[in-house]
K.L.:
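I have a structure here, written as structure tokens, and I will follow up with some questions on it.
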Protein chains: 2
Amino acid sequence: MRLSSLADYAVVMMSAAARHCGGIARLNATLLSEETGVPLPTVQKLVSRLSAAGLIESTRGTGGGFRLSRPPASISLADIIEAVEGPIALTACVDGAAQDCCIDQTCKVKPHWNAVNGAVRGALAGVTLASLSQVPNSPVPA
Amino acid sequence: MRLSSLADYAVVMMSAAARHCGGIARLNATLLSEETGVPLPTVQKLVSRLSAAGLIESTRGTGGGFRLSRPPASISLADIIEAVEGPIALTACVDGAAQDCCIDQTCKVKPHWNAVNGAVRGALAGVTLASLSQVPNSPVPA
DNA sequence: CGCAATCGGATCATATCGGTCCGATTGGAC
DNA sequence: GTCCAATCGGACCGATATGATCCGATTGCG
């Protein structure tokens with residue numbers, strides 16, 4: 001019931017990125033590490049995952065870096081957490097995924113997990129990077 | 001963002017207990033293990049934690065066992081999860097607890113976590129053992 | 001008074017996670 | 001055109017936390 005520290009770092013990172021450049025300018029992992037205090041290798045790992053998830057766009061080479069691929073207002077905590085931790089599900093027995101759960105048939109609890117998962121996910125989806133960063137002068141993303 | 005399997009087992013156990021006896025009769029860990037399919041040692045461990053949390057009352061000795069200390073309607077998922085996993089908090093930086101978070105001062109995200117935690121906890125607190133026992137189509141297990 | 005059954009705590013193996021390192025790729029500079 | 005430097009990307013390794021197993025303490029009954 002506690003998200004991994006990587007996910008926490010990712011939220012902080014994305015929030016810092018949104019606050020810095022509003023998703024327009026390009027920044028590198030080293031700068032972001034200095035800004036947020038997150039260890040550089042961890043930032044790099046997170047950049048990899050976030051890039052694979054399509055939340056940021058990374059560019060290699062000298063002068064490279066990355067930037068938000070979407071406006072901060074359209075990136076939610078759910079997006080970031082899913083990118084880092086995988087699907088948001090409190091239990092492994094989400095429907096659609098066959099499990100080795102030995103009590104699969106007699107389990108009366110399983111039908112209720114989806115509702116709970118949806119509620120949790122909704123709570124996370126309701127918080128965007130824009131609301132996290134509270135950027136004063138850029139309320140409208142380009 | 002996924003609760004431990006122990007918590008999952010605990011919910012299944014409590015649900016089974018509520019369904020069996022409605023919190024009145026007394027049952028033992030062995031029977032519950034056979035009913036739910038949860039390994040016996042795990043059931044015993046969970047009984048210990050749940051008993052320590054005050055959710056169930058255990059009795060030692062021959063013919064002992066345990067029973068729900070409260071009606072199923074007044075026991076929620078939040079209670080069970082907190083008993084097994086500790087406080088419900090997505091991050092370690094809940095207010096009131098000093099952290100070694102190096103970005104404590106510059107962290108703009110921290111004030112928002114409490115709202116998210118509250119939303120998640122509310123979603124879990126809204127589901128009680130009584131509602132878990134009620135299966136929509138109520139198929140009688142063999 | 002002895003025995004059996006049950007909970008309770010302690011111990012150990014396992015798996016996931018977090019941190020670190022090295023290589024592949026790309027842009028710029030000469 | 002070639003070399004070099006900076007950066008991302010993936011892979012390896014150690015540490016922490018979790019889950020399962022085992023043994024002892026306690027209690028009721030015969």
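In what follows, every heavy atom counts, from backbone to side chain, and hydrogens, waters and symmetry copies are set aside.
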K.L.:
Given atom CG of A:Leu31 and atom P of D:dA6, what is their separation to the nearest angstrom?
P.N.:
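Atom CG in A:Leu31 sits about 16 Å away from atom P in D:dA6.
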K.L.:
If the cut-off is 4.0 Å, is B:Ser51 near the phosphate of C:dC7, judged by side-chain N/O to OP1 or OP2?
P.N.:
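No.
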K.L.:
At under 4.0 Å between heavy atoms, which parts of nucleotides 14-29 of chain C does protein reach? Answer with one letter per nucleotide, 5' to 3': B base, S sugar-phosphate only, - none.
P.N.:
----SBB----SBB--
K.L.:
Provide, to the nearest angstrom, the distance between the CD atom belonging to B:Glu85 and the C1' atom belonging to D:dG19.
P.N.:
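To the nearest whole Å, that distance equals 13 Å.
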K.L.:
Side chain to side chain contact (heavy atoms under 4.5 Å, CB included) with A:Thr42: which residues, sequence neighbours excluded?
P.N.:
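A:Leu6, A:Tyr9, A:Val38, A:Pro39, A:Leu46.
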K.L.:
In whole angstrom, what separates A:Leu50's CG from D:dC8's C1'?
P.N.:
13 Å
K.L.:
Taking atom P of D:dT18 as reference, at what distance in whole Å does atom CD1 of B:Ile81 sit?
P.N.:
14 Å
K.L.:
Going by side chain to side chain contact (heavy atoms under 4.5 Å, CB included), name the residues that satisfy it together with A:Thr62, two or more places apart in sequence or in a different chain.
P.N.:
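Side chain to side chain contact (heavy atoms under 4.5 Å, CB included) list for A:Thr62, sorted by chain: empty.
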K.L.:
Between D:dA20 atom C1' and B:Leu46 atom CG, what is the distance in whole Å?
P.N.:
12 Å
K.L.:
Distance check needed: C:dC7 P versus B:Arg67 CZ, whole Å only.
P.N.:
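Going from B:Arg67 (CZ) to C:dC7 (P), I get 14 Å.
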K.L.:
Could you work out, with salt bridge (charged side-chain N to carboxylate O under 4.0 Å, His left out) as the rule, every residue matching A:Arg49, not counting sequence neighbours?
P.N.:
none
K.L.:
Mind checking what makes side chain to side chain contact (heavy atoms under 4.5 Å, CB included) contact with A:Ala119, not counting sequence neighbours?
P.N.:
B:Ala123
K.L.:
Separation of B:Leu27 atom CG from C:dA5 atom C1', in whole Å?
P.N.:
15 Å
K.L.:
Just by distance, no angles: are the side chains of A:Ser5 and A:Asp8 close enough, under 3.5 Å, to form a donor-acceptor pair?
P.N.:
no
K.L.:
Of all residues at least two apart in sequence or in a different chain, which pass the salt bridge (charged side-chain N to carboxylate O under 4.0 Å, His left out) check with B:Glu57?
P.N.:
B:Arg67
